[in-house]
Amino acid sequence: MKIYNSLSRQLEDFVPLNPEQVSIYSCGPTVYDYIHMGNARTALVTDIVRRYLVYRGYKVKLVQNLTDIDDKIINRAAELGVSAKQLAHQNGEAFFEDSQRLGIHCADVHPKATEHIPEMISLIQTLIDKGAAYVIDGSVYYRVNQFAEYGKLSGRKPEDLLAGARVEVDERKEDPRDFDMWKAAKPGEPAWESPWGKGRPGWHIECSAMAMKHLGETIDIHAGGEDLLFPHHENEIAQSELATGRTFARYWMHIAFLKIDGRRMGKSEHNFILLRDALDHYPTEVIRHFLISAHYRHPLDYNPESLAKSEGALRRLNNCLDALKKYEGGKDGVPSSNLDRETLPLQEAIQTMKSRFVEAMDTDFNTAQALGAIFTLVGEVNRSLATFDGAAAPVFARAYQVLTETCGVLGIYDMDAEDDNNVEQRDQLIALLLDVRQEARSRKDWDTSDKIRDRLKELNIEIQDTRDGATWKIIS
RNA sequence: GGUGGCGUAGCCAAGUGGUAAGGCCAGAGUCUGCAAAACUCUUAUUCGUCGGUUCGAUUCCGACCGCCACCUCCA
């Protein structure tokens with residue numbers, strides 16, 4: 001299994017530090033607003049990485065933080081006339097709600113910055129003791145020139161960082177590259193006690209402290225949006241590695257931006273689509289399919305056309321799976337050797353699909369390629385479904401199992417879609433109507449027949465007349 | 001100015017030093033009382049442009065053109 005490591009800028013074999021448990025830290029959102037589709041992409045990729053590792057037999061511990069104190073939160077709270085704490089809490093809850101609606105499983109730990117102040121203070125103190133930080137007017141700065149490897153993640157040299165930089169240089173800092181780990185409190189701001197006076201943590205220190213607390217000094221995979229590569233992740237490395245003398249994260253994964261109209265979807269651009277709004281318009285699986293239709297390191301453009309394409313693709317997948325479902329768990333009846341020979345191509349297609357899926361996902365989680373494998377099998381199954389009818393049930397059952405298993409890793413098939421108490425009665429009523437309609441049809445009473453079809457359609461139930469009689473499905 | 005990335009059919013998107021997965025759309029067909037839906041089939045001699053290396057390049061190298069991102073908060 002290979003992962004592209006941003007640190008080495010190449011594909012590397014994935015070998016977890018502890019074979020018993022893979023540790024993953026994912027940079028979560030700053031909760032001053034609802035999350036948008038770009039945030040969703042990162043969260044979804046992390047979710048699928050985790051699901052796939054589990055599928056491959058690993059145990060995984062995933063930690064995803066929430067930044068619940070920073071300038072944006074303070075400013076937004078002031079605008080709204082609520083406390084920063086309250087605003088962060090509300091948006092934190094909304095974040096969990098939205099994530100869940102996208103089918104993202106909860107992380108094992110969702111640490112919050114404000115609940116780890118002691119750990120951060122301790123880490124900062126360690127760095128001060130090592131001469132890697134200094135205090136000015138109650139704020140603590142990291143001394144970048146103490147860390148020889150600074151810039152190793154982003155490939156930036158000290159001179160690069162100065163020339164043409166758009167940073168407003170704080171004259172008090174020893175070096176323009178130095179960054180704050182602890183911010184002295186301004187009047188009226190939320191603040192915590194510290195050895196350097198009242199204040200609050202800087203952005204980068206929280207991830208260092210929380211990742212190390214929950215996953216140890218060295219973690220396997222650290223993931224986040226590509227915008228975090230510099231300075232956020234670079235600074236996390238500087239803080240953590242200087243403090244512990246150990247490698248902070250072994251594999252760095254950076255998820256490319258979601259774009260809209262060809263430009264980055266971002267909060268500062270005010271061009272974002274909220275995840276919850278998208279979820280109001282499209283099913284979970286459609287949005288997931290869209291977000292994984294391109295490889296995670298490639299930009300993806302959000303637009304209604306692309307979502308419509310995913311809807312079409314999902315329809316194709318669901319039709320196939322629905323047709324296959326009736327063979328689910330079919331007893332392993334031994335097909336006649338004759339049939340066995342005839343279904344050999346399908347049996348091989350199933351095996352091929354599974355190995356192609358694994359190969360694709362093994363190569364840096366290539367979801368686009370994995371989808372290709374899945375849809376290739378869908379075509380094979382559809383052809384076989386027409387050819388073999390029900391006689392090849394065991395093979396169809398196998399196809400169903402493999403397809404649901406792989407689609408389950410990607411989260412693009414909702415097996416329990418209609419798991420509802422009223423379903424049975426509804427089904428019986430519709431069956432009754434179809435019965436009546438069939439009688440009308442045999443009398444060539446097309447008026448009655450069509451009336452039943454049309455009226456059901458008004459109720460979003462669509463009839464399809466097939467060779468084996470009428471079937472129906474719910475449309476939206 | 002520095003750093004990184006991208007440019008594959010009408011659209012989206014994989015991929016490989018040996019001749020282009022998959023999806024959407026479109027066209028044709030099957031089915032049907034008519035439909036709808038579904039399914040099947042068809043759709044890039046070609047991978048931004050120009051050079052180079054090679055028996056052979058879309059894939060490697062160079063130049064150029066176009067687009068994007070990071071260097072300030074943003075996943």
Side-chain angles (χ1 to χ4, degrees), chain A residues 6 9 26-30 32-33 35-46 64 67 70-72 75 151 154-157 159-168 177 203 223-232 234 254-259 262-269 272 289-290 293-295 297-301 303 305-317 319-320 322-323 356 360 363 366-379 381-383 385-387 441 444-446 449-450 453-454 457 462-467 471-473 475:
Chain A
S6 304
R9 295 173 201 215
S26 171
C27 279
T30 299
Y32 70 96
D33 200 349
I35 63 165
H36 62 241
M37 289 292 289
N39 301 302
R41 185 182 192 189
T42 300
L44 180 59
V45 169
T46 307
Q64 181 188 40
T67 298
D70 94 320
D71 288 344
K72 298 248 176 202
N75 294 339
S154 56
R156 286 171 164 79
K157 297 185 278 290
E159 53 271 29
D160 297 341
L161 293 167
L162 304 180
R166 290 173 286 165
V167 199
E168 254 184 68
R177 297 176 298 160
W203 180 32
E226 65 176 335
D227 51 336
L228 300 187
L229 194 138
F230 187 89
H232 187 53
E234 190 73 64
H254 288 97
I255 290 90
F257 292 133
L258 187 71
K259 302 196 296 177
R263 305 198 66 86
R264 171 188 179 178
M265 183 182 286
K267 287 180 177 170
S268 55
E269 296 282 339
F272 52 84
H289 179 277
F290 162 68
S293 62
H295 182 71
R297 280 189 287 115
H298 289 272
L300 179 65
D301 208 293
N303 55 62
E305 293 73 31
S306 289
L307 269 298
K309 289 170 188 170
S310 288
E311 277 186 314
L314 258 298
R315 201 182 309 126
R316 183 170 164 79
L317 176 67
N319 282 329
C320 178
D322 285 349
R356 278 186 62 202
T363 310
N366 195 331
T367 51
Q369 202 170 58
L371 287 172
I374 288 171
F375 279 92
T376 301
L377 181 58
V378 166
V381 166
N382 283 334
R383 276 187 287 280
L385 240 19
T387 310
R441 278 162 58 87
K444 296 203 190 301
D445 178 2
W446 308 127
S449 163
D450 290 351
R453 182 173 65 190
D454 294 345
K457 179 96 181 233
E462 189 173 79
I463 290 179
Q464 291 144 17
D465 292 316
T466 72
R467 190 185 305 164
T471 63
W472 59 273
K473 69 175 178 183
I475 55 175

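Naming convention: chains lettered A, B, ... in sequence-line order (proteins, then strands); numbering from 1 in each chain. Only this structure's heavy atoms are used, side chains among them; waters, hydrogens and symmetry mates stay out.
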Show the distances under 3.5 angstrom between N or O atoms of the protein and N or O atoms of nucleotides 59-62 of chain B.
none

**Asked** At under 4.0 Å between heavy atoms, what does A:Ala294 touch on the DNA or RNA strands: base, sugar-phosphate, or nothing?
**Response** sugar-phosphate

**Message:** Base, sugar-phosphate or nothing for A:Arg264? Non-hydrogen atoms, less than 4.0 Å.
**Reply:** base

**Message:** I'd like to know if the side chain of A:Asp445 reaches the main chain of A:Arg441, judged simply by a donor and an acceptor atom lying under 3.5 Å from each other, with no hydrogens or angles considered.
**Reply:** no

**Message:** Within the 4.0 Å heavy-atom criterion, would you say A:Arg383 contacts the bases, only the backbone, or no part of the nucleic acid?
**Reply:** sugar-phosphate

**Spacing of A:His295 atom NE2 relative to B:rC12 atom P, expressed in whole Å** = 19 Å

**Request:** Please measure how far the P atom in B:rA57 lies from the corresponding atom in B:rC47, and state the result in whole Å.
**Result:** 12 Å

**Item:** Within residues 36-45 of chain A or reaching into it, pairs that qualify as side chain to side chain donor-acceptor pair (under 3.5 Å) - sequence neighbours excluded
**Value:** A:His36-A:Asn39

**Prompt:** Looking for any heavy atom pair under 4.0 Å, which part of the strands does A:Asp450 touch: base, sugar-phosphate only, or nothing?
**Reply:** base

**Fill in**
Side-chain atoms of A:Glu462 come closest, of B:rA37, B:rA69, B:rG33, to B:rA37

**Message:** Regarding A:Arg263, tell me which of base, sugar-phosphate or nothing describes its non-hydrogen contacts under 4.0 Å with the strands shown.
**Reply:** sugar-phosphate

**Given B:rA13, B:rG33, B:rA75, the nucleotide with the shortest approach to the side chain of A:Cys27** = B:rA75

**Message:** My understanding is that only residues two or more places apart in sequence, or in another chain, count here; which of them pass salt bridge (Lys or Arg N to Asp or Glu O under 4.0 Å) with A:Lys473?
**Reply:** none

**Request:** Kindly write out the residues that satisfy ring pair (Phe, Tyr, Trp, His ring centres under 6.0 Å) with A:His232, not counting sequence neighbours, or none if the list is empty.
**Result:** A:Trp203, A:His204

**Request:** Return the 5'-most residue of the pair A:Asp465, A:Asn303 with respect to RNA chain B, ranking by each residue's nearest nucleotide.
**Result:** A:Asn303

**Asked** Can you give the dot-bracket line for RNA chain B, using ( ) for pairs inside the strand, [ ] for pairs that cross earlier ones, | for pairs with another strand and . for unpaired bases, where Watson-Crick and G-U count if both distances are under 3.5 Å?
**Response** (((((((..(((.....[...))).(((((.......))))).....(((((..]....))))))))))))....

**Request:** State, without any angle test, whether A:Thr363 and A:Asn366 hold a side-chain donor-acceptor pair at a distance under 3.5 Å.
**Result:** no

**Request:** Pick base, sugar-phosphate or nothing for A:Ile255, based on heavy-atom distances below 4.0 Å to the nucleic acid.
**Result:** nothing

**Prompt:** Which part of the nucleic acid, if any, lies within contact of A:Ile374, taking any heavy atom under 4.0 Å across all strands shown: a base, the sugar-phosphate backbone alone, or nothing?
**Reply:** nothing

**Message:** Are the side chains of A:Arg316 and A:Val378 in contact, using a 4.5 Å heavy-atom criterion?
**Reply:** yes

**Residue-phosphate contact under 4.0 Å: A:Asn382 side-chain N/O, B:rU40 OP1/OP2** = yes

**Prompt:** Heavy atoms under 4.0 Å, any strand shown: does A:Ser449 hit a base, just sugar-phosphate, or nothing?
**Reply:** base

**Message:** Taking the minimum atom-to-atom distance to the side chain of A:Gln464, which one of B:rG15, B:rC70, B:rA37 wins?
**Reply:** B:rA37

**pi-stack flag for A:Phe257 and B:rA75, centroid dist under 5.5 Å, interplanar under 30°** = no

**Asked** For the side chain of A:Lys259, counting heavy atoms from C-beta on, which of B:rC74, B:rC68, B:rA36 is nearest?
**Response** B:rC68

**Request:** Give A:Asn39 one of three labels, base, sugar-phosphate or nothing, depending on what nucleic acid heavy atoms sit under 4.0 Å from its own.
**Result:** base

**Message:** Using only atom types and a distance under 3.5 Å, with no angle test, would you say the side chain of A:Glu226 pairs donor to acceptor with the backbone of A:Ile255?
**Reply:** no

Protein-nucleotides 22-26 of chain B N/O pairs closer than 3.5 Å?
residue: B:rG23; atom: OP1; partner: A:Arg316; partner atom: NE; Å: 3.3
residue: B:rG23; atom: OP1; partner: A:Arg316; partner atom: NH2; Å: 3.2

